[in-house]
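Please read the structure below before turning to the comments.
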Number of protein chains: 2
Amino acid sequence: MADSAQQPATESGDNFASQVLGSLKQDILSGYFSPGEKLRMNRLKERYQVGVSPLREALSQLLVEQLVIVENQRGFTVHPISMEEMLDIYETRAHIEALCISQAIEKGDDEWEANILAAAHRLKKSGDLIDKQADELQEWEVRHQAFHSAIAQGCNSPTLLHVRRSLYEKASRYRNLWLKHNMVDGTMFDANQKEHDELIDALLKRDTARATALIRQHLLSPSKALKETLPSLLEG
Amino acid sequence: MADSAQQPATESGDNFASQVLGSLKQDILSGYFSPGEKLRMNRLKERYQVGVSPLREALSQLLVEQLVIVENQRGFTVHPISMEEMLDIYETRAHIEALCISQAIEKGDDEWEANILAAAHRLKKSGDLIDKQADELQEWEVRHQAFHSAIAQGCNSPTLLHVRRSLYEKASRYRNLWLKHNMVDGTMFDANQKEHDELIDALLKRDTARATALIRQHLLSPSKALKETLPSLLEG
DNA sequence: AAAACAAATAATGTCGACATTTTTATTTTT
DNA sequence: AAAAATAAAAATGTCGACATTATTTGTTTT
């Protein structure tokens with residue numbers, strides 16, 4: 001480190017860029033920085049307490065993941081959102097997730113099945129006590145993601161899983177935008193739970209056709225809701 | 001620019017990082033920098049005639065694309081190759097390409113068909129005069145890629161095409177490695193030509209099952225060849 | 001001579017400084 | 001007053017400098 005007063009983040013061992021990358025990505029995905037917003041260096045420097053070099057390195061990485069855009073001599077900007085992109089991301093994500101699942105059904109072993117059931121149990125427990133508390137909902141989100149991750153993991157392909165994660169992050173940007181303006185419905189959890197049970201059943205029976213159809217339906221329902229809400233968000 | 005003596009690359013309008021990104025990526029994909037090789041900053045500074053800042057930004061982007069790896073305080077290294085990764089990349093690539101094609105068959109219009117036939121014609125012309133000259137082979141590669149690109153473009157999904165490009169680049173690293181140690185066979189072009197003709201036939205007849213099966217075979221045959229050659233390359 | 005330790009050399013990661021460009025504010029002109 | 005021209009301010013992109021950490025070399029000890 002160039003100065004003793006510099007140890008801004010908790011995770012030591014990584015450099016500043018990788019630390020700020022996580023925070024910055026979170027801030028973009030969560031909507032702290034709005035789509036299309038200009039990311040001025042002075043503001044970022046203050047917020048993350050680092051110089052321009054690590055910031056530019058982190059932003060360069062987000063550039064590849066298409067979460068920011070850059071124009072020469074005009075700095076970085078949060079990647080704008082659009083109806084077309086939203087639909088394209090969700091559609092592609094559905095295809096990729098279906099691919100992961102079909103591969104997992106082919107290759108998944110006992111350990112895979114066990115991990116799914118374990119993750120499903122954790123998710124159910126979290127969904128039972130629907131407090132609608134912000135932090136409990138956050139926990140449910142984490143377990144929900146973990147559940148679907150456990151399923152996809154069975155494909156046993158790092159390359160494919162890498163693609164999957166990238167698409168999940170891009171989609172979560174739209175989902176968070178939607179969550180900001182819509183309260184969650186309690187009945188949603190029950191419907192979700194039912195879909196999960198059906199999916200697990202199809203997986204264990206190695207019924208690829210049914211499983212991929214179910215996951216497609218499961219993933220695309222938020223995009224249908226977004227399709228109605230997005231226009232108002234884009235304007236105001 | 002901080003100094004009048006700095007105008008290293010041809011494409012003006014972009015910043016140094018984006019210019020060096022292209023050269024650096026090319027140098028890694030082509031094998032100028034070997035897998036696992038340490039990328040010392042002094043050497044890179046000399047080669048590309050820029051300071052560390054643009055270099056680190058370019059390397060940060062290659063980090064996301066998994067073409068380099070980084071270890072804190074130990075700098076950047078060319079991503080190592082392995083049999084497992086090679087097989088995984090080619091397998092995933094085959095799945096993604098099949099997905100592109102099935103979507104293209106669903107959505108492709110007249111313009112799509114016309115572009116395919118045009119690209120096929122250019123490719124055939126280039127393949128007819130097999131001189132085995134290095135630069136002519138280079139041109140054939142470009143047209144071959146353009147042909148398959150024209151097909152995939154029909155899916156009309158920027159997100160999916162982005163994934164496709166990323167996988168193509170990762171795979172080309174292995175392919176170039178193989179080309180370095182194996183002369184191209186003249187008969188290969190004929191076999192290739194036949195596969196292309198069949199593929200076009202299936203596409204125009206909108207026969208998804210046959211088209212995806214053909215593309216899978218087409219894409220995976222290099223990986224089979226690599227599977228035999230790689231071990232000797234990995235050793236020395 | 002091999003191992004353990006110490007000193008030097010080299011390489012990385014970060015910041016501040018500065019030239020260049022873009023954006024905003026002000027003045028001038030028709 | 002609206003438009004054009006000019007001046008001022010702010011922001012970007014790059015490099016050199018420097019502290020920190022790895023690596024290599026040299027020396028001492030057993």
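Chain A is the first sequence line, chain B the second, and so forth, proteins listed ahead of strands; every chain is numbered from 1.
Across the protein-nucleic acid pair, Phe76(A) atom CZ and dT22(C) atom C1' stand 16 Å apart, rounded to whole Å. Following rounding to the nearest Å, Met41(A) (CE) and dG13(D) (P) show an atom-to-atom distance of 7 Å. Rounded to whole Å, the distance from CG on Leu55(A) to P on dA11(D) is 15 Å. When rounded to the nearest whole Å, the span between CG of Leu44(A) and C1' of dT12(D) equals 13 Å. We find that CG of Asn15(A) is positioned 13 Å from P of dT12(C), with the value rounded to whole Å. Rounded to whole Å, the distance from NZ on Lys45(A) to P on dG13(D) is 14 Å. Separating the CD atom of Gln73(A) from the P atom of dA10(D) is a distance of 18 Å, rounded to the nearest angstrom. Rounded to whole Å, the distance from CZ on Arg74(B) to P on dA11(C) is 15 Å.
No donor-acceptor pair closer than 3.5 Å links the side chain of Ser126(A) to the backbone N or O of Arg122(A). Within the 3.5 Å criterion, the main-chain N or O of Ser172(A) finds a donor-acceptor partner in the side chain of Asn176(A). Under the 3.5 Å distance criterion, the side-chain polar atoms of Glu37(A) are matched with a main-chain donor or acceptor of Ser34(A).
Across Glu97(B), His148(B), Gln153(B), a single residue satisfies side chain to side chain donor-acceptor pair (under 3.5 Å) together with Arg164(B), and that is Glu97(B).
Nucleic acid contact for Glu57(B): none, since no nucleic acid atom lies under 4.0 Å from a heavy atom of the residue.
Proximity of Asn42(A) to the phosphate of dA11(D): a side-chain N or O atom is located under 4.0 Å from OP1 or OP2.
Comparing the end axes of the helix from dA1(C)-dT30(D) to dT30(C)-dA1(D), each fitted to five base pairs by superposing C1' atoms of four pairs onto the next four, gives an inter-axis angle of 0° (nearest 10 degrees).
Geometric assessment of Arg43(A) against the ring of Tyr48(A) yields a negative cation-pi assignment under the 6.0 Å and 45° thresholds.
Applying the salt bridge (charged side-chain N to carboxylate O under 4.0 Å, His left out) rule to Lys25(B) yields the partners Glu65(B), Glu169(B); only residues at least two apart in sequence or on another chain are considered. Residues passing the side-chain hydrogen bond (donor to acceptor under 3.5 Å, both in side chains) test with Ser53(B), sequence neighbours excluded: none.
Of the two residues contacting DNA chain C, namely Lys38(B) and Ser53(B), the nearest-nucleotide position lying further toward the 5' end is that of Lys38(B).
Checked against dG13(D), dG13(C), dA11(D), the side chain of Arg40(A) finds its nearest nucleotide in dA11(D).
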